[in-house]
Amino acid sequence: MSAPTDAQRMEKIVSLCKRRGFIFQSSEIYGGLNGAWDYGPLGVELKRNLKNYWWRVMVHERDDVVGMDGAILTHPAVLKASGHVEGFSDPMVDCRLTGKRFRADQIPQQSGTIFRYEFAREAAPTDRALEALAHLAETDAEPKFNKTRIASSDALDLAKRIVERRKLSVSLPNADPEAIELFFSHLGDLLRQHPRSQWEEEFASAYSVPQRTICKDAFSVLVRPGESESKAKKTARAFYQKRGLKLPVVVFLPPADEVKKTQEFNPENGAELTSPRPFNLMFKTNVGATEDDSSVAYLRPETAQSIFVQFKNILEVSRKKLPFGIAQIGKAFRNEINPRNFTFRSREFEQMELEYFCRPEQGMELLEYWKEERLKFYENIGISRSKLYVLTVPNQERAFYSKGTYDIEYEFPFGRQELEGVAYRTDYDLSQHQKASGKSLEYFDEETKQKFIPHVVEPSAGVDRTVLALICEAYAEDEAPDEKGKMETRIVLRFHPRIAPIKCAVFPLLKNKEPLVAKAKEIVDLLRPHVYVFYDESGAIGRRYRRQDEIGTPFGVTVDFETLGEKDAALRDTVTLRERDSMKQDRIAIKDLPSILISRIR
Ligand code: ATP
């Protein structure tokens with residue numbers, strides 16, 4: 001079987017996530033809310049396991065870190081001081097044809113030929129010209145027209161009658177606005193030459209260029225290599241139609257220029273984009289009953305700020321000495337211009353952040369330390385080191401206050417992308433809040449008797465992005481025998497047991513054998529206080545294994561006739577323990593199951 005391409009792989013992952021209840025689109029039955037996702041029964045387990053493990057290694061297993069859980073609704077003064085109100089924006093561009101919004105820095109560089117259009121004019125007859133056409137098309141033998149209700153789509157039918165009846169030498173046009181314009185202009189000239197009433201002159205002057213609508217907006221289109229020139233005209237026509245022209249005759253402004261590496265056109269349709277404008281990514285809301293400037297609050301765009309704002313309180317109550325950290329896991333909200341790549345870029349997501357406060361001279365060393373710690377973390381949840389990259393963020397791309405930033409990236413099927421940022425933020429955040437609040441956020445060093453604002457190193461990870469990386473890393477297709485021993489494709493999520501949603505499945509070999517079922521249920525009760533188990537008695541045992549493989553359950557316990565001691569008394573109260581990846585089965589005493597599973601899962 002050939003390996004699926006990355007796009008196919010991603011498609012399979014997204015469909016598995018929905019099929020097995022990891023991740024659903026939010027508000028799906030109403031058409032979905034873009035950029036928001038709901039985690040189903042398995043997704044929530046996976047997410048919790050990840051957060052719990054992060055909390056365990058970042059807080060519980062250390063003496064120098066304490067936790068907090070701050071509010072999501074944030075006072076505007078906090079985000080003014082942090083720079084978010086002024087500066088938390090992305091440059092945004094809109095497609096001038098469809099209105100679709102993109103982040104300017106994410107537009108791919110494109111090459112091709114630019115066709116510029118100066119303006120467009122209407123080729124459909126004006127209301128007055130239509131009325132004249134109706135008069136000219138009317139005969140005593142045919143019913144009279146209601147002149148006020150003639151649609152422009154009737155114009156060609158009326159014109160055809162006139163041409164046929166008067167035997168005019170003008171050929172009928174195709175659907176192109178240019179051909180239609182030429183036809184009506186010519187018809188006007190011919191009618192004007194042989195007037196039978198005032199309507200011939202009336203039509204010719206009502207159809208003259210100055211009487212027709214003109215849209216003066218200029219517009220350009222990029223035609224990429226391999227695409228035809230007529231595509232530019234079609235796109236331009238659609239642009240002027242959106243601006244109200246029914247049959248736009250587009251006016252080309254030569255020359256057509258060759259360009260390389262432009263980011264000024266919509267990569268999906270070649271239409272021109274607007275120039276970039278800053279777009280603040282924060283969700284604004286009002287607190288209380290009044291909706292004015294005095295009641296504005298924001299949904300936090302990161303969890304970090306409440307840590308800085310509570311620094312003094314936490315320092316006092318925890319009685320920690322530098323260096324020490326404050327950790328938080330929680331929701332953050334950003335009105336991303338282009339949510340995409342499944343959950344990778346969402347508008348509502350969770351962060352796991354640590355602010356590790358230190359003396360200024362420790363900053364650079366701790367930056368290295370935390371980068372290494374965080375890499376170890378990802379390896380410990382089953383993400384292979386070979387799929388992780390450390391990007392040293394170059395000086396010009398770093399926040400001005402940061403003395404060093406690393407991005408930890410993962411090789412997703414859709415490309416290498418950031419999982420976590422590890423940044424040395426100096427004393428910027430605490431200094432800003434001290435200045436803005438007028439409250440001291442200094443640390444008093446009892447040994448040196450010095451007072452100073454601590455510096456901070458911040459490892460900031462995304463829960464949802466890591467969950468997605470875990471699923472992408474775990475997804476595999478291999479071969480396993482079916483009921484009759486024939487090899488078939490098996491979908492398996494090779495989660496590290498530590499983060500797998502369900503740790504162990506328990507199966508009675510047959511569901512209609514009461515002693516097997518009773519024993520299996522006893523085992524469930526034995527394991528439940530220690531690990532999350534799942535009992536399944538329906539279907540052939542092979543099918544039951546396969547269902548668990550597909551959701552990444554690392555262990556399967558089967559109760560068979562040996563367990564009941566029917567074949568060999570020495571095997572009484574033993575079960576088979578199947579391992580998901582190797583599919584190997586070992587016979588284990590039931591009483592040993594809890595300790596064996598705990599030691600392999602922790
Ligand atoms: P990006 O450049 O991808 O927008 P960022 O550098 O702005 O990310 P940070 O502000 O450093 O991100 O946030 C820390 C972490 O929070 C990121 O590494 C990521 O894991 C997570 N995160 C940020 N924005 C989003 C989002 N829109 N959806 C999901 N996770 C996000």
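Whatever order the structure lists ligands and atoms in, that order sets their numbers, starting from 1.
- For ligand 1, the atoms closer than 4.0 angstrom to any heavy atom of E420 are 18 (O).
- Using modelled atom types, one finds no donor on one side chain facing an acceptor on the other under 3.5 Å when comparing S346 with T343.
- For a threshold of 3.5 Å applied to N or O pairs, the pair formed by G462 and ligand 1 contains at least one separation below that value.
- Protein heavy atom nearest atom 14 (C) of ligand 1, with residue, atom name and distance: S460 OG, 3.0 Å.
- For E336, a nitrogen or oxygen atom sits less than 3.5 Å from a nitrogen or oxygen atom of ligand 1, counting backbone and side chain alike.
- Separation of the Y424 and H455 ring centroids falls under the 6.0 Å cut-off.
- In terms of polar-atom proximity, D464 is not counted as a contact of ligand 1, lacking any N or O under 3.5 Å from an N or O of the ligand.
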With salt bridge (charged side-chain N to carboxylate O under 4.0 Å, His left out) as the test, would you mind laying out the steps for E28 and K18 before giving the verdict? CA-CA 11 Å; E28 192 190 82; K18 179 166 182 200; 3.3 Å; yes
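- Backbone and side-chain nitrogen or oxygen atoms of E353 are examined, and none is located within less than 3.5 angstrom of a nitrogen or oxygen of ligand 1.
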Check the pair K503 / H530 against side chain to side chain contact (heavy atoms under 4.5 Å, CB included), numbers first and verdict last. CA-CA 10 Å; K503 308 299 184 193; H530 308 285; over 6 Å; no
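- At a 4.0 Å heavy-atom cut-off, ligand 1 does not touch D407 at all.
- Comparing F333, W37, F349 by heavy-atom distance to atom 26 (C) of ligand 1, the nearest is F349.
- For atom 4 (O) of ligand 1, the closest non-hydrogen atom on the protein side is R345 NH1, 2.8 Å.
- Below 3.5 Å of separation, one finds no N or O of A461 facing any N or O of ligand 1.
- Within the cation-pi definition used here (under 6.0 Å to the ring centroid, within 45° of the axis), K451 does not qualify as a partner of F444.
- Nearest protein neighbour of atom 28 (N) of ligand 1, counting heavy atoms only, is S346 N, 3.0 Å.
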Show your working on side chain to side chain contact (heavy atoms under 4.5 Å, CB included) between M68 and E355 and close with a plain yes or no. CA-CA 11 Å; M68 74 164 279; E355 303 303 326; over 6 Å; no
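- Looking only at protein heavy atoms, the nearest one to atom 29 (C) of ligand 1 is F344 O, 3.2 Å.
- The cationic group of R96 does not satisfy the cation-pi geometry with F265, failing either the under 6.0 Å distance to the six-membered ring centre or the 45° limit from the ring axis.
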Evaluate side chain to side chain contact (heavy atoms under 4.5 Å, CB included) for E420 paired with Y378, printing each intermediate quantity in order. CA-CA 10 Å; E420 166 160 0; Y378 289 110; 2.6 Å; yes
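- The closest non-hydrogen atom to atom 18 (O) of ligand 1, taken over E418, E302, R334, Q351, comes from E418.
- Annotation: side chain of R347 is not in contact with side chain of R334 (no heavy-atom distance under 4.5 Å).
- Atom 20 (O) of ligand 1 has L419 O, 2.8 Å as its closest protein atom, hydrogens excluded (heavy atom only).
- What sits closest to atom 19 (C) of ligand 1 on the protein, heavy atoms only, is R465 NH1, 3.5 Å.
- The cationic atom of R465 (NZ for Lys, CZ for Arg) does not lie both less than 6.0 Å from the six-membered ring centre of Y410 and within 45° of the ring axis.
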